[in-house]
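These notes are about the structure you will find just below.
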2 protein chains.
Amino acid sequence: MAALDLLGRRGALRIVWELREGRVLTFRALQAAAELPPGTLNTRLAELRAADIVAADAGYRLSPRGSDLIAALWPLLRWSEDWASAMGDR
Amino acid sequence: MAALDLLGRRGALRIVWELREGRVLTFRALQAAAELPPGTLNTRLAELRAADIVAADAGYRLSPRGSDLIAALWPLLRWSEDWASAMGDR
DNA sequence: GCTCCGTGCTACAAAATTTGTAACATGGAA
DNA sequence: TTCCATGTTACAAATTTTGTAGCACGGAGC
């Protein structure tokens with residue numbers, strides 16, 4: 001489960017999420033969107049780039065493999081919406 | 001994305017994974033399976049129980065909502081297998 | 001009764017990670 | 001050359017995690 005280990009690090013899923021649907025963000029825009037300090041963002045981006053999930057090319061964007069990841073995340077995101085509304089009801 | 005924040009904490013996804021398919025594990029068995037020290041496991045279990053993902057009932061098991069989560073995780077797990085074999089090829 | 005296990009869980013100091021803020025260096029535009 | 005936005009690094013403080021040890025409880029067997 002090496003991939004889950006990587007994605008379980010602080011901010012990793014959030015970064016991928018912010019780059020969904022072909023979005024291209026600068027380092028600073030990504031920092032603001034993902035609410036991460038630059039040190040953590042930089043560490044995480046290095047890991048995600050080494051894992052071929054994120055590509056740096058005139059800003060940061062998802063690699064093809066990263067796009068596959070987003071697709072695989074949709075059910076989880078839908079679950080988390082259900083979870084949020086269920087938790088809100090209490 | 002409060003749910004993703006919770007699931008992004010160290011060991012959280014791993015704990016859910018170890019409880020897949022109706023498995024019921026003791027605290028110590030879960031500790032060994034998820035490879036977590038007791039302090040971290042305890043913190044994480046408290047969070048997962050508060051989130052109604054894990055239930056403590058003669059051992060630890062997934063709640064119904066936790067089972068939904070596992071179902072939503074399958075595409076991600078399949079992606080991570082693909083990722084692992086692709087990464088191994090380099 | 002008492003002892004022996006296995007249980008969930010806590011204590012605590014050391015190690016690792018994250019945070020927040022500041023700044024650096026580079027490159028393009030004005 | 002001045003300005004501005006970029007990616008990135010520095011560094012100390014705060015937080016989290018780790019590893020190990022042990023506690024308190026409950027049941028089984030004697």
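From a predicted model like this one, the values you see are computed outputs, not experimental measurements. Throughout, a chain's letter reflects where its sequence line sits, starting with A, and its residues are numbered from 1.
If you take CZ of B:R10 and P of D:dT16, they are 12 Å apart, rounded to a whole angstrom. Distance, B:D5 CG to D:dT16 C1': 14 Å, rounded to whole Å. Straight-line distance from the CG atom of B:L41 to the C1' atom of D:dT18: 13 Å, rounded to whole Å. Residue A:E35 contributes atom CD, which lies 17 Å from atom C1' of C:dT21 at whole-angstrom precision. Atom C1' of nucleotide C:dT18 and atom CG of A:L36 are separated by 10 Å, given to the nearest angstrom. Between the CZ atom of A:R44 and the C1' atom of D:dT8 there is a distance of 16 Å, given to the nearest Å.
In this structure, A:W83 CH2 and B:L6 CG are separated by 6.0 Å, a value rounded to the nearest 0.5 Å. In this structure, CD on B:Q31 lies 8.0 Å from CG on B:L36, to the nearest 0.5 angstrom. Note that CZ of B:R49 and CG of B:L45 are 6.5 Å apart. Values are rounded to the nearest 0.5 Å. B:L30 CG to B:R23 CZ: the interatomic distance, rounded to the nearest 0.5 Å, is 11.5 Å. To the nearest 0.5 Å, the span separating CG on A:D52 from CG on A:L69 amounts to 11.0 Å.
For C:dT18, neither phosphate oxygen OP1 nor OP2 lies less than 4.0 angstrom from any side-chain nitrogen or oxygen of A:R9. An OP1 or OP2 oxygen of D:dT18 is reached within less than 4.0 angstrom by a side-chain nitrogen or oxygen of B:T40.
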Taking only nitrogen or oxygen atoms into account, show me every contact under 3.5 Å that the protein makes with nucleotides 8-13 of chain C, one pair per line with its distance.
residue : atom : partner : partner atom : Å
C:dG8   : OP1  : B:F27   : N            : 2.7
C:dG8   : OP2  : B:F27   : N            : 2.6
C:dG8   : OP2  : B:R28   : N            : 3.2
C:dG8   : N7   : B:R28   : NH1          : 2.6
C:dG8   : O6   : B:R28   : NH1          : 3.1
C:dC9   : OP2  : B:Y60   : OH           : 2.3
C:dT10  : OP2  : B:N42   : ND2          : 2.4

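When A:L25, A:L19, A:V24 are each tested for a side chain to side chain contact (heavy atoms under 4.5 Å, CB included) with A:R61, only one passes: A:V24.
Inter-axis angle, ends of the helix from C:dG1-D:dC30 to C:dA30-D:dT1, five pairs per end, rounded to 10 degrees: 20°.
Side-chain atoms of A:L76 and A:L73, non-hydrogen and from C-beta on, do get closer than 4.5 Å to each other.
The side-chain tip of A:R14 does not point at the ring of A:W17 from less than 6.0 angstrom away and within 45° of straight on.
Residue pairs that meet the ring pair (Phe, Tyr, Trp, His ring centres under 6.0 Å) test with at least one member in residues 24-71 of chain A, sequence neighbours left out, do not exist here.
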